[in-house]
Enquirer: 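Please read through the structure below; I'll follow up with questions.
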Amino acid sequence: MLILGIESSCDETAASVVKDRREILSSVISTQIEEHKKYGGVVPEIASRRHCENILGVVRQALDEAQVTLADLDGIAVTYAPGLIGALLVGVSFAKALAMSAEKPLIPVHHIAGHIATNYLTFPDLEPPYLCLVASGGHSHIIEVLSYTKFRVIGRTRDDAAGECFDKCARAMGFPYPGGVHVDNAAQSGDPAAFKLPHPTVAGNEFDFSFSGLKTAVINLLHNAEQKGLDINKNDLSASLQHTISEILTSKTIAAAESLGYKKVALAGGVSANSGVRAALSAACKQRGFEFYMPEKKLCGDNGAMIACQGSYNFLAGITADESLNAIATLSMEDI
Ligand code: KG4
Ligand code: ZN
């Protein structure tokens with residue numbers, strides 16, 4: 001089975017061909033980071049325009065590198081939700097036209113389900129059910145992966161996502177966009193105990209997250225220091241921030257696993273590239289004898305292979321779309 005996956009939900013135009021659900025034959029990613037960097041964040045209209053310019057070349061390259069033609073494909077999968085609406089519309093319209101002209105099934109994929117699938121690409125034997133923490137620039141979810149295509153959201157962020165917290169604090173420290181990776185690098189030579197940062201308390205669902213208080217605490221700390229003419233050690237602040245985010249994500253995920261009886265835990269999403277989060281969740285799982293899975297680093301960020309992989313499972317489950325498929329900016333995983 002050969003599935004082409006197309007991803008355009010944010011600032012990466014990506015396409016990939018995946019064989020038999022888990023074998024990546026090609027994965028092409030055209031990133032717009034350099035352009036959005038000038039503005040300190042993603043500018044939606046610029047993102048849509050770049051997707052429009054790049055998508056045909058990216059898809060063509062993915063087919064060429066996989067040494068397959070459109071006729072060889074069993075289906076065309078595309079991210080249709082959630083994400084920037086103008087960006088999603090480019091991928092959806094393109095995939096729809098391609099599927100209709102090549103007379104191939106069109107397969108809709110939820111972006112977060114795609115992130116979860118990165119662990120199938122990394123671990124050939126991983127099967128549901130298990131619990132997955134998905135932390136990215138737009139989402140922080142604890143998800144019960146009931147089957148390849150059925151999900152239950154156990155916890156979600158009430159405000160900012162973990163990646164957003166990394167990026168906004170990084171910006172306040174003067175790091176370029178997207179700042180998460182710069183915080184990670186600076187944290188390597190910092191002291192995680194240098195700054196005591198707040199752990200949020202969230203009323204109601206104990207597995208929900210909140211990162212806006214932590215973000216505000218870091219920004220205030222920097223402003224106060226600036227006003228007093230004090231120098232803040234950015235390596236120490238990065239290490240403290242990374243340590244705090246890692247602890248929050250890990251403690252809630254472990255509590256959810258214990259409460260629901262899962263002994264199999266996975267990590268996914270852009271923030272799964274973070275060395276502190278990887279180490280903390282891995283150690284906590286090891287300590288309890290849980291199986292732990294996390295994607296190889298090159299699959300953590302947005303890519304087409306995750307869409308092709310999840311698209312393969314959707315296709316096998318009979319999840320396809322007709323020519324009325326539309327992009328959706330906000331869509332819970334439970335509504336797919
Ligand atoms: O999944 P992703 O590529 O896009 C979304 O679906 O949002 O995630 C991007 C997020 C950004 O916030 C980025 O700063 C963060 O993942 N990120 C990291 C690291 N690498 C990427 N955050 C912390 N440490 C990293 N090493
Ligand atoms: Zn993503």
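Just follow the structure's listing: the first ligand is 1, and inside any ligand the first atom is 1.
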Enquirer: Do any side-chain atoms of residues 256-264 form donor-acceptor pairs under 3.5 angstrom with protein atoms, and if so which ones, sequence neighbours left out?
Expert:
unit_1: E258; atom_1: OE2; unit_2: R288; atom_2: NE; d: 3.0
unit_1: Y262; atom_1: OH; unit_2: E144; atom_2: OE2; d: 2.5
unit_1: K264; atom_1: NZ; unit_2: E127; atom_2: O; d: 2.7

Enquirer: Is any side-chain N of the basic residue among R49 and E53 closer than 4.0 Å to the acidic one's carboxylate O?
Expert: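 Result for this pair is no, no salt bridge flagged.
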Enquirer: For ligand 1, which atoms, with element, lie under 4.0 Å from some heavy atom of A273?
Expert: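 Answer for ligand 1: 20 (N), 26 (N).
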Enquirer: Going by heavy atoms in the side chains, are L249 and L281 under 4.5 Å from each other?
Expert: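 A side-chain contact under 4.5 Å is absent here.
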Enquirer: So, N314 versus T149: side-chain donor-acceptor pair below 3.5 Å or not?
Expert: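 There is no such pair (donor and acceptor under 3.5 Å, judged by atom type) between the side chains of N314 and T149.
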Enquirer: G138 heavy atoms, cut-off 4.0 Å: which ligand 1 atoms fall inside?
Expert: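 Answer for ligand 1: 7 (O).
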Enquirer: Would you say ligand 1 has an N or O under 3.5 Å from any N or O of E12?
Expert: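 The answer is no, given that E12 and ligand 1 share no N or O pair closer than 3.5 Å.
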Enquirer: How many protein N, O or S atoms sit closer than 2.8 Å to the Zn ion (ligand 2)?
Expert: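 Number of qualifying protein atoms: 3.
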Enquirer: Within a distance under 4.0 Å of any heavy atom of F166, pick out the atoms of ligand 1 and give their elements.
Expert: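 It comes down to these atoms of ligand 1: 22 (N), 23 (C).
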Enquirer: Short list, please: which atoms of ligand 1 are under 4.0 Å from a heavy atom of H115?
Expert: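 Once the distances to H115 are compared, the set is 1 (O), 6 (O).
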Enquirer: Consider every N or O of G301 and every N or O of ligand 1, then say whether any pair is closer than 3.5 Å.
Expert: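 For ligand 1, there is no N or O atom that lies under 3.5 Å from one belonging to G301.
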Enquirer: Give a yes or no on whether the backbone of F166 and the side-chain of R171 come within a donor-acceptor separation of less than 3.5 Å.
Expert: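 No; zero donor-acceptor contacts below 3.5 Å.
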Enquirer: Would you say ligand 1 has an N or O under 3.5 Å from any N or O of G163?
Expert: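 So ligand 1 has an N or O lying under 3.5 Å from an N or O of G163.
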Enquirer: Rounded to the nearest 0.5 Å, how far apart are CZ of R152 and CD1 of I142?
Expert: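 Taking CZ in R152 and CD1 in I142, the distance rounds to 12.5 Å.
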Enquirer: Given the side-chain rings of Y130 and Y293, with only the six-membered ring counted for Trp, is the space between their centroids under 6.0 Å?
Expert: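 No, too far apart.
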Enquirer: Is there a polar contact between ligand 1 and N274, counting only N or O atoms under 3.5 Å apart?
Expert: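 Yes, at least one N or O pair falls under 3.5 Å.
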Enquirer: Pairing donors with acceptors under 3.5 angstrom, does anything connect the side chains of T69 and D72?
Expert: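 Side-chain D/A pair, T69 to D72: present.
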Enquirer: Would you tell me whether H51 and D11 have side-chain atoms, one donor and one acceptor, within less than 3.5 Å of each other?
Expert: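 D11 and H51 do not have a side-chain donor-acceptor pair below 3.5 Å.
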